[in-house]
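Working notes, structure below.
What you are looking at is a predicted structure, and each value in this text was computed from that prediction instead of being measured. Naming convention: chains lettered A, B, ... in sequence-line order (proteins, then strands); numbering from 1 in each chain.
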Amino acid sequence: MAELRYNAITIEAKWRQRWAETGLYKRVQDPDRPKHYALTMLPYTSGDLHIGHWYAMAPSDARARYMRMKGYNVWFPPGFDAFGLPAENAAIRKGIHPFKWTMDNVEHMRTQLRAMGAMWDWDHEAVTCLPEYYRWTQWFFLKFYEHGLAYRAAGTVDFCPNCNTTLAREQVWGEDRHCERCGTPVMKKDLEQWYFRITDYAQQLLDDMAKIDWPERVLAMQQNWIGRSEGAHVVFHSELGDEIPIYTTRPDTLWGASFMVLAPEHPLVTRLTTPEQRADVEAYRLAASRQSEIERLSTEKVKTGVFIGAYAVNPVNRERIPIWIADYVLMAYGTGAIMGVPSHDERDFDFALKFGLPILPVIDRIDGLAKSLVLCDSVAPAFATGLTEAGLAFEQAGPFLQVTLQGAEQIDRYVSLVRQSLRPGYWVDVVGARWLFIFDDSVMPFDSFAADRTILARCQDLVRDQAADFGAVINASTTMEMLYSVEWYRDALYHAEYGDMINSGHFTGTLGATAKATVTAWLEEQGLGHHEVNYRMHDWLISRQRYWGAPIPMVYCDACGVVPVPYDDLPVVLPEDAEFMPTGESPLKYHEGFLNTTCPQCGGPARRETDTMDTFMCSSWYHYAYVTPYHQGDTPWNVKEGQYWLPVDQYTGGIEHATMHLLYTRFFTKVLRDLGMVDFDEPMRRLFCQGMILGEDNEKMSKSRGNVVNPDDYVSTLGADSVRAFLMFIGPWELGGSWSSTGIEGINRFINRVWNVVVDAPEMTVNEPATPEQIRELRRWTHQTIREVTADFESFKFNTALAAMMKFNNNLVKAKQTAIYGTPAWQEAVSTLVLLMAPITPHVSEELWERLGQPYSVHQQRWPEHDEELAKDDEITLIVQVNGRVRARLEVPAEIGEQEACDLAMVQPNVSRSLEGVQIRKVIFVPGKLLNIVAR
RNA sequence: GCCGAAGUGGCGGAACGGUAUACGCGGUGGUCUCAAAAACCAUUGGAUGUUGAUCCUUGUGGGUUCGAAUCCCACCUUCGGCACCA
């Protein structure tokens with residue numbers, strides 16, 4: 001029964017049923033058409049499809065529909081990320097088994113997903129918690145193990161006390177290091193855990209970024225996370241002969257190393273610590289280990305550390321340097337030991353100053369800046385005049401002159417001037433681009449650790465009887481500390497630039513641009529070290545001490561050790577009769593039936609691994625699973641079908657997975673490639689990340705704030721099409737935006753207006769025929785709209801696509817009351833509008849398409865193409881400016897030439913008035929746009 | 001501190017070298033109605049002005065250009081990521 005008014009609810013139910021009956025969205029293998037695998041990140045089975053899911057999925061669906069109309073063979077499958085903690089927590093709290101809880105949620109979410117009217121291909125849905133699915137997840141684990149990519153190791157791991165499980169590093173968020181899922185601050189724990197060697201692929205993960213069309217911000221975050229650095233591995237030795245390898249990105253600063261720092265948990269610490277220092281060292285190590293257990297809330301980074309009593313030898317200059325431990329050196333990065341070069345590393349600088357360790361500059365400043373502070377009493381009265389005459393800049397500051405020098409020539413001039421004027425018993429220092437101490441009898445360069453000591457001693461001698469005034473000198477333990485007491489000097493004492501090498505034996509003078517490479521080559525030649533690339537990224541910790549995950553298919557046998565479960569015995573099934581502890585401890589640990597097994601190798605008694613896998617493991621390969629869900633053959637999916645459909649062409653999802661899912665799945669695909677299972681390097685060719693949908697109050701939606709929007713409420717009143725369209729209209733998809741309950745009514749009004757334009761008869765009939773101008777104008781609107789909407793769909797700009805359609809419809813509302821109604825041009829306009837809307841509002845478009853008498857289905861139609869000739873403007877508004885200010889707007893033919901435009905412009909009263917008393921200098925004419933008369 | 005994104009009417013946003021504020025929301029006035037809602041029509045950045053019109057306005061300050069929201073430099077604010085990574 002055809003209704004006269006737009007009734008979203010009946011229309012939407014009707015068409016969803018029809019689409020399902022006719023299998024409109026079923027996948028078709030068609031080698032003659034270009035395929036397009038469109039995918040949106042699979043939802044977690046939380047039980048309710050919230051507005052965030054709609055915001056992620058509806059535009060993704062619209063884009064897939066657009067591609068379909070463009071002629072692609074499009075496949076858009078759904079699925080569920082079904083393992084994870086909430087299911088288990090529900091089991092503990094409500095006594096429902098995780099399986100039941102999860103599958104009930106899946107059932108409910110399927111209904112909600114259907115209401116969206118998306119082009120889901122339900123035949124290829126996959127649910128990751130089903131044994132038929134996780135059998136393959138386990139299969140991948142065994143493959144990884146077989147190829148040395150899965151290993152078990154003891155180490156300090158992040159542990160969430162609330163979730164009662166370990167977490168991968170990337171699942172620890174924020175300054176307070178809280179659990180990504182529940183927000184509880186994590187703890188450190190020492191445990192044996194399973195890891196994947198993602199670091200083996202660090203370089204490829206960086207290099208292959210060039211092969212994918214992904215948002216820059218995602219690639220930047222991944223780059224940041226991987227944290228590649230280039231430097232040298234250098235072996236230092238303790239005085240007793242122990243090797244202490246270090247990693248440095250600045251081998252060119254080796255000659256400035258004045259101490260070593262080991263991480264408190266470094267294995268050599270116990271051995272190297274001298275008996276006198278042992279108590280202090282142990283106390284510090286204990287404090288450090290406890291500190292990492294306590295929340296690291298204090299961001300104040302005051303350096304702490306303890307001297308362990310031992311010394312090392314700097315391999316490049318044989319300098320004897322003390323060995324310290326300090327918590328600013330991390331065991332997990334590099335070798336867990338560093339050389340301290342305080343003159344060119346900020347952290348080492350702070351550390352050395354605090355503990356009185358020597359600081360020797362070994363890299364020249366690149367800005368040539370030098371400073372000198374002169375006590376007026378220490379020089380002849382004419383000194384200031386001399387400075388002025390020599391053209392040297394200075395400022396008077398109390399009893400001091402602050403001299404700022406630029407470049408070698410100025411410094412030389414300054415030094416000779418000081419030498420002439422210096423009174424006996426005083427000295428003047430120069431810092432920065434040159435390091436000199438000018439005494440009454442000599443100039444001492446600060447160019448070695450020995451000079452550091454000599455200079456300080458001499459200065460202290462000179463002021464010994466004025467200790468009250470020169471406390472900073474008397475109390476200093478290094479020359480640099482003495483200099484640091486002068487606040488004005490501070491910015492000239494330390495830098496981290498790549499400058500020319502100084503004070504570095506025969507390398508002195510090596511240019512900054514080549515220093516690093518030159519020194520590294522020499523280290524290799526001398527057998528002291530070698531070039532090394534380091535990554536900040538860690539291996540992926542996949543063990544979870546929970547029940548609701550895919551069991552790690554490994555067995556521990558007293559005789560054979562760690563033994564993998566044979567492929568034929570997969571899946572290792574989760575026992576159904578598990579008993580859930582209120583503590584959240586994994587019931588697998590206490591389940592005798594699960595725990596006890598026989599060793600696949602020797603047949604003797606053995607115990608199963610009770611840890612399950614991180615759920616990111618399941619989502620790393622789900623886009624392959626969709627090809628043939630729960631595949632029964634020897635491979636996780638049907639290879640032949642995969643060859644046609646893989647890889648994913650367009651992926652969409654939230655940015656929050658930038659360094660988790662999106663990194664893991666890239667790693668997974670590279671491994672699959674190396675296993676010969678796929679022949680491409682990257683799982684998703686193109687990625688688009690949407691922003692976040694916020695509540696009406698512009699805040700993140702949360703139950704506690706009470707600003708949560710339930711899509712079902714709107715779907716049942718205004719219809720899914722209105723919800724879809726409004727979400728796409730809010731703003732640019734990648735930026736997110738806030739919900740608006742009045743905004744969605746505006747969209748609903750728009751759909752109503754379209755309905756009225758298409759379905760209703762005009763209020764009055766016009767008897768005379770339409771003029772060619774009217775026809776031309778209408779067709780121009782039509783083709784301009786096609787042009788704009790197409791461009792917008794290409795770049796995911798759904799908001800402006802909708803704006804263009806609204807504008808077009810507003811024009812149609814007016815045109816309908818004219819003679820144009822019912823003409824072929826009118827038919828073209830109306831059916832074009834319906835076609836353009838089809839991806840965004842699939843239900844009402846289908847209904848209107850039918851009412852236009854067109855064949856089923858609108859979603860199988862070709863996307864309209866615009867005709868450039870028809871889209872062209874005949875008349876334009878020519879902007880006439882005088883000196884860049886708009887003085888007139890002229891309706892003129894689009895093809896108007898400069899001379900004609902000029903003639904027309906000059907006679908405009910507003911223009912001629914502005915030109916009174918000035919001379920025209922220049923005329924700028926932009927065809928079809930504007931005329932700017934430049935006059936003075 | 002480092003990396004990335006963004007600052008435009010009352011609000012969401014559009015334009016990304018050439019008419020700033022498209023489109024929508026909200027507001028105001030009107031039509032319809034006994035009335036209201038809905039719908040429809042008109043109007044809506046600010047200031048000055050009787051009119052014609054003029055001036056101001058895209059976070060701030062400079063610059064380039066005939067012309068800058070748009071390009072360049074410096075800064076401020078907000079959001080996201082990383083952060084003692086040697």
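- Within 4.0 Å of A/Ile879, counting heavy atoms only, lies at least one base atom of the nucleic acid.
- Using a 4.0 Å cut-off, some side-chain N or O of A/Arg885 falls inside it from OP1 or OP2 of B/C56.
- Using a 4.0 Å heavy-atom distance criterion, A/Val341 is classed as making no nucleic acid contact.
- Atom CZ of A/Arg749 and atom P of B/C41 are 12 Å apart (whole Å).
- In this structure, of B/G13, B/A53, B/A86, it is B/A53 that holds the atom nearest to the side chain of A/Arg913.
- For B/A22, neither phosphate oxygen OP1 nor OP2 lies less than 4.0 angstrom from any side-chain nitrogen or oxygen of A/Lys807.
- Between A/Gln919 atom CD and B/C66 atom C1' there is a gap of 16 Å when expressed in whole angstrom units.
- Taking side-chain N and O atoms only, A/Thr659 has no distance below 4.0 Å to OP1 or OP2 of B/C82.
- Here A/Asp874 pairs with A/Arg780 in a salt bridge; the nearest charged N to carboxylate O distance falls below 4.0 Å.
- At a threshold of 4.0 angstrom between heavy atoms, the contacts of A/Asn910 are confined to the sugar-phosphate backbone, with no base atom among them.
- In this structure, the OH atom of A/Tyr494 is 14 Å from the P atom of B/G1, given to the nearest Å.
- OP1 or OP2 of B/A83 sits under 4.0 Å from a side-chain N or O of A/Arg169.
- Heavy-atom distances to RNA chain B give each of A/Thr249 and A/Arg889 a nearest nucleotide, and the one nearer the 5′ end belongs to A/Arg889.
- Between the A/Glu319 side chain and the A/Ser258 main chain, no donor and acceptor come within less than 3.5 Å of each other.
- Taking 4.0 angstrom as the limit, A/Lys303 places none of its side-chain polar atoms (N or O) nearer than this to OP1 or OP2 of B/A86.
- Counting any heavy atom pair closer than 4.0 Å across all strands shown, A/Asn534 reaches no nucleic acid atom.
- For B/C55, one of the phosphate oxygens OP1 or OP2 lies less than 4.0 angstrom from a side-chain nitrogen or oxygen of A/Arg887.
- Side-chain atoms of A/Asn752 come within 3.5 Å of backbone atoms of A/Asn748 as a donor-acceptor pair (strictly under, hydrogens ignored).
- A/Pro322 and A/Phe307 make their closest contact through CB-CE1, 3.4 Å (heavy atoms, listed as atom of the first residue, atom of the second, distance).
- B/C25 sits 9 Å from B/A39 when the P atoms are compared, rounded to a whole Å.
- Using a 4.0 Å cut-off, no side-chain N or O of A/Asn809 falls inside it from OP1 or OP2 of B/C23.
- Across all strands, A/Pro732 comes closer than 4.0 Å only to sugar-phosphate atoms, never to a base (heavy-atom distances).
- Within the 4.0 Å cut-off from OP1 or OP2 of B/C85, not a single side-chain nitrogen or oxygen of A/Asn224 is found.
- Within 6.0 Å of CD on A/Glu230 lie more than 12 heavy atoms contributed by other residues, nucleotides or ligands.
- Nucleic acid contact for A/Asp327: base, since at least one base atom lies under 4.0 Å from a heavy atom of the residue.
- Taking a cutoff of 4.0 Å between a charged side-chain nitrogen and a carboxylate oxygen, A/Asp760 and A/Arg5 qualify as a salt bridge.
- Between the C1' atom of B/A83 and the CZ atom of A/Arg177 lies a distance of 11 Å, rounded to the nearest Å.
- Closest contact between the side chain of A/Ile338 and the listed nucleotides B/A86, B/G24, B/C55 involves B/A86.
- The residue among A/Asn883 and A/Gly737 whose nearest nucleotide of RNA chain B lies closer to the 5′ end is A/Gly737.
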